[in-house]
*Asks:* 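So that we are looking at the same thing, I have put the structure below in structure tokens.
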Amino acid sequence: MECPLYEKIANQIEQQVHEGIFLPGAKIPSVRKSSKQMNVSVATVLQAYSLLEDRGVIKARPQKGYFVQEHKLLHAEALKITPTVNEVSTHTMLRRLLHVSQDDNIIQFGAAIPNSQFLPIRQLQRSVGRLMRLEPEICAAYEFTPGSPNLRRQIAIRMLDSGCQLQPDDITITLGCQNAIMLSLQAVAQAGDTIAIESPTYHGVLQAIEVLKLKAIEIPCSADAGMDLDLLEKAAKKWPIKACVVTPNNQNPVGATLSYQARQRIIGLSLAFGFTLIEDDVYGELSYRDKRERALKADDKHNTVIYCSSFSKSIAPGFRIGWIVGGRFQDKIEHYAYVQSLAIPTLTQTAIANFLENGAYDRHLRKTRLTYQDNLARCQSLIAEHFPKGTQTSNPNGGFLLWVTLPKTVDAMALHAQALDNDIGILPGLAFSLTGQFHHHFRLNYALNWDNKTDAALKTLGQLCQIGK
Ligand SMILES: Cc1ncc(COP(=O)(O)O)c(C=O)c1O
């Protein structure tokens, strides 16, 4: 028997909540508006809303309207170490959470994008202008995969600092680091295979895993020590892990950098259990120490590490220039890259190669890293002063991302919704896992033009946490 109209409407709205169209804490359309939108009577909508209240999907607030219950999207499971196939599309939810990064009116604590003051925009502007004036035919040419030989040579030179001795031919240029991660996963795994990932992890890894129909094992990753290698070993004994995606330097979001011993151990585990390490080193050059940390790839004697990085965090995210060192998967990766995009943009490759060649990059990095350290200290002290007692922050030694752990009583999704009402963007912890963890965590980008407005926004966030308790 067909279900009544009000139930159909309720099912439809519940589905929208699951897909992240209405986020936890968000207001849904009023009864009158829904009645007009769906061309049904007010009474039918009221019946549908009351059914949704009974199901615990929404909640009425007197004089204010109907709101999505704050815990509805969370699969509040205990921390579990089992392969997970994503049920609710991470992509849909993330699109909703990340779209605010496009809005100029919002203070962008949420996105992992440095403010343009931390990017060498002026130099790039001059370089692109000169290229278009003197070599306009650059636009008429294809630069086929593996990409510009000059850029690959410059990257090989830079990678000496990370301990890697490479030839330009070991390197393939990609469309950013996300493209490099995607190509790595495609090269090593097939649908249904199991991939170990850090938990919490960068959401682009979760999305790649979802699209490629892989299973993820989330291995806890702490701000002090990074991925828990005892648990990785335990998981590898139990399940056939194909690859492990790891960020050894300044992990996003917790900021961890692996110790020397941990690096040796994770390489040892990959050899012992036969899985490939996919190293994401996109924040590697943003270390606050005098010398950047080594790449895992530098100690990869058996060629089991695939190295991925890009210039998105330090030169120009909009240029979409990254690279991959594929080791024994290089041919396959190059072939896939060619089939997927044929070629890499010539103008941005050449502009970056010129920028690297003229020696200004190290000066630029030194300057930005100093400001990031100042901003970090300011952020930590404002949080200590204005956030509820029990709030903790990570203490990164590089990059520009801070992981904030709120008292358990504060729901970060609700905080996200309230912060947006105040034109403040944060990225709630739920975006960093497939298993509904990190309800009372959020990530904060401090690569911003720090001023009184930013100070005030952090204070407001702190106050919202106190209200939301
Ligand atoms: C850890 C990590 N890896 C990869 C990426 C993607 O980088 P790109 O913009 O170069 O694709 C990001 C971007 O936020 C990131 O944080």
Side-chain angles (χ1 to χ4, degrees), residues 90-91 94-95 97-102 108-116 118-119 147 151 155 171-185 195 197-209 211 221 223 226-227 243-258 277-287 293 295-297 306-325 337 340-341 344-345 348-349 352 372 394 396 398-403 425-427 429 431-433 442-448:
T90 322
H91 177 66
L94 280 171
R95 228 181 27 206
L97 290 174
L98 296 173
H99 86 281
V100 297
S101 68
Q102 313 290 337
Q108 298 293 354
F109 288 136
I113 307 173
N115 182 276
S116 60
F118 299 111
L119 303 170
L151 178 58
I155 292 173
I171 298 166
T172 300
I173 307 296
T174 58
L175 301 170
C177 188
Q178 178 68 23
N179 181 214
I181 293 169
M182 191 78 181
L183 286 165
S184 311
L185 287 169
I195 311 295
I197 57 174
E198 295 151 333
S199 183
T201 194
Y202 157 58
H203 44 77
V205 170
L206 304 179
Q207 287 172 303
I209 283 178
V211 166
C221 178
M227 191 184 257
C244 170
V245 185
V246 61
T247 316
N249 301 317
N250 313 314
Q251 197 259 7
N252 173 8
V254 301
T257 291
L258 292 185
L277 286 170
I278 300 175
E279 173 176 23
D280 180 346
D281 195 31
V282 79
Y283 297 96
E285 295 213 289
L286 293 176
S287 166
E293 302 290 338
L296 272 185
K297 185 75 193 157
I306 301 180
Y307 178 95
C308 305
S309 192
S310 79
F311 295 110
S312 301
K313 305 300 169 190
S314 49
I315 299 186
F319 275 18
R320 309 306 302 136
I321 298 295
W323 71 98
I324 190 164
V325 182
Q340 285 173 20
S341 52
I344 313 290
T348 53
Q349 278 189 100
I352 288 192
Y372 290 164
S394 55
F400 49 81
L401 302 171
L402 190 68
W403 184 239
I426 56 166
L427 197 55
F432 298 92
S433 154
F442 71 92
R443 191 193 67 187
L444 191 145
N445 165 17
Y446 52 86
L448 300 186

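For reference, positions follow the sequence shown, starting with 1. Ligands are counted one by one from 1 in listed order, and the atoms in each one are counted from 1 as well.
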*Asks:* Please work out whether the ring planes of F400 and Y283 are parallel, tilted or perpendicular, with thresholds of 30° and 60°.
*Replies:*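 Plane angle over 60°, so perpendicular.
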*Asks:* When you look for heavy atoms under 4.0 Å from ligand 1, do you find them on the side chain of Q251, its backbone, both, or neither?
*Replies:*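 The answer is neither.
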*Asks:* Picking from D280, D281, I171, what satisfies side chain to side chain contact (heavy atoms under 4.5 Å, CB included) with Y307?
*Replies:*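 For Y307, the side chain to side chain contact (heavy atoms under 4.5 Å, CB included) test succeeds with only one of D280, D281, I171, which is D281.
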*Asks:* Among all protein heavy atoms, pick out the one at the shortest distance from atom 14 (O) of ligand 1; state its residue, atom name and that distance to 0.1 Å.
*Replies:*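 Ranked first by proximity to atom 14 (O) of ligand 1 is K313 NZ, 2.7 Å.
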*Asks:* Just by distance, no angles: are the side chains of N179 and R320 close enough, under 3.5 Å, to form a donor-acceptor pair?
*Replies:*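 Note: N179 and R320 side chains miss the donor-acceptor criterion.
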*Asks:* With backbone taken as N, CA, C and O and side chain as the heavy atoms from C-beta onward, which portion of C177 lies under 4.0 Å from ligand 1: side chain, backbone, both, or neither?
*Replies:*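 It is both backbone and side chain that touch ligand 1.
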*Asks:* Counting N and O atoms only, with roles assigned by atom type, does the side chain of Q349 sit under 3.5 Å from a partner on the main chain of G147, one being a donor and the other an acceptor?
*Replies:*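 No; zero donor-acceptor contacts below 3.5 Å.
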*Asks:* Tell me whether Y202 has any N or O atom under 3.5 angstrom from an N or O of ligand 1.
*Replies:*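 No: no nitrogen or oxygen of Y202 is under 3.5 Å from one in ligand 1.
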*Asks:* What protein heavy atom lies closest to atom 1 (C) of ligand 1? Include the residue and the distance to one decimal.
*Replies:*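 Closest protein heavy atom to atom 1 (C) of ligand 1: D280 OD2, 3.2 Å.
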*Asks:* When you measure from atom 9 (O) of ligand 1 to every protein heavy atom, which one gives the shortest distance, and what is it?
*Replies:*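 Sorting protein heavy atoms by distance from atom 9 (O) of ligand 1 puts R320 NH1, 3.0 Å first.
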*Asks:* Does T247 have a non-hydrogen atom less than 4.0 Å from ligand 1?
*Replies:*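 Heavy atoms of T247 never come under 4.0 Å of ligand 1.
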*Asks:* Are any of the N/O atoms in N179 less than 3.5 Å from those in ligand 1?
*Replies:*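 Such a contact does not occur with ligand 1.
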*Asks:* I197 and M227: which non-hydrogen atoms are nearest, and at how many Å?
*Replies:*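 Looks like C-CE, 3.6 Å.
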*Asks:* Donor-acceptor pair, Q251 side chain versus V254 backbone, under 3.5 Å?
*Replies:*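 Here the side-chain-to-backbone pair exists.
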*Asks:* Side chain, backbone, both or neither: which applies to Y283 and ligand 1 if a contact is any heavy-atom pair less than 4.0 Å apart?
*Replies:*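 Side chain only.
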*Asks:* Aromatic rings F432 and H203: how do their planes relate, parallel, tilted or perpendicular, breaks at 30° and 60°?
*Replies:*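 Rings of F432 and H203: tilted, as their planes differ by 30° to 60°.
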*Asks:* Could you tell me if the side chain of Q340 sits less than 4.5 Å from the side chain of L175, heavy atoms only?
*Replies:*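 Contact flag for L175/Q340 side chains = no.
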*Asks:* Considering heavy atoms of the protein only, find what lies nearest to atom 10 (O) of ligand 1 and give residue, atom and distance to 0.1 Å.
*Replies:*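 Nearest protein contact, heavy atoms only, for atom 10 (O) of ligand 1 is S312 OG, 2.6 Å.
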*Asks:* Which ligand 1 atoms does S310 reach within 4.0 Å, using its non-hydrogen atoms?
*Replies:*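 Here the atoms of ligand 1 in question are 10 (O).
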*Asks:* Counting from 1, what ligand 1 atoms have a heavy atom of G176 closer than 4.0 Å?
*Replies:*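 Numbered from 1, ligand 1 contributes 10 (O), 11 (O).
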